[in-house]
Amino acid sequence: MNFLAAANTSSGGWTMIIWMLVIFGVMYLLMIRPQKKQQKQEQQMRENLQIGDEVTTIGGIIGTIVTVKDDSLIIETGVDRNHIKVTRWAISQNNTANEKLAAERAAAKEAAEKEKAARREAQGKPAKKKKSKKEEEKF
């Protein structure tokens, strides 16, 4: 009888260890890994800053990069052309890169729509007519 009780407790210990490993694995996949990926992207963005890029700092200051040094940048802000020296880690966004990315996505979407329309015409189907904004507001 004691032998059976000992077998149950030892298997319960292994089950507990396995569950803790599974929970840690899920936490790693859902929390730690995405955060490291985001930090890597931010670091790459900060390393690729160039003169002339428009950036936003973590404090909300928007300016254009005038000088790039190892660990700091000098940005020009406002109409008065004020210069502010900031560290690289204080840059939260590269607005120039974001605008380029948005333009590339819009061009790719437009090219895909043209290709789809060309395929429809090749198949002999009539091209879909886009609704104007006034027609969309009616519905």
Item checked: Residue pairs involving residues 56-69 (criterion side-chain hydrogen bond (donor to acceptor under 3.5 Å, both in side chains); sequence neighbours excluded) -> T56-N95
Margin query: Under the salt bridge (Lys or Arg N to Asp or Glu O under 4.0 Å) definition, can you give me all pairs with a residue in residues 73-97, not counting sequence neighbours?
Written below: E76-R81
Can you give me every donor-acceptor pair (side chain of residues 34-41, partner residue at least two apart or in another chain, under 3.5 Å) with its distance?
none

Item checked: Gap separating the NZ atom of K100 from the CG atom of N94, nearest 0.5 angstrom -> 8.0 Å
Next item on the list: Each residue besides L73 in its hydrophobic cluster should be listed here, by chain and number; the cluster joins Ile, Leu, Val, Met, Phe, Trp and Tyr at side-chain heavy-atom distances under 4.5 Å.
Entry: M45, L49, I51, V55, I61, I65, V68, I75, I84, V86, I91
Next item on the list: Give a yes or no on whether the backbone of E54 and the side-chain of T96 come within a donor-acceptor separation of less than 3.5 Å.
Entry: yes
Note to self: Let me confirm one number: the CD-CZ distance from E115 to R120, rounded to the nearest 0.5 Å.
What the structure shows: 14.0 Å
Check: R105 versus K109: any side-chain heavy-atom pair under 4.5 Å?
Finding: no
Checklist line | Results of side-chain hydrogen bond (donor to acceptor under 3.5 Å, both in side chains) for T87 - residues two or more places apart only | finding: W89
Item checked: Members besides M16 in its Ile/Leu/Val/Met/Phe/Trp/Tyr cluster (side-chain heavy atoms under 4.5 Å) -> none
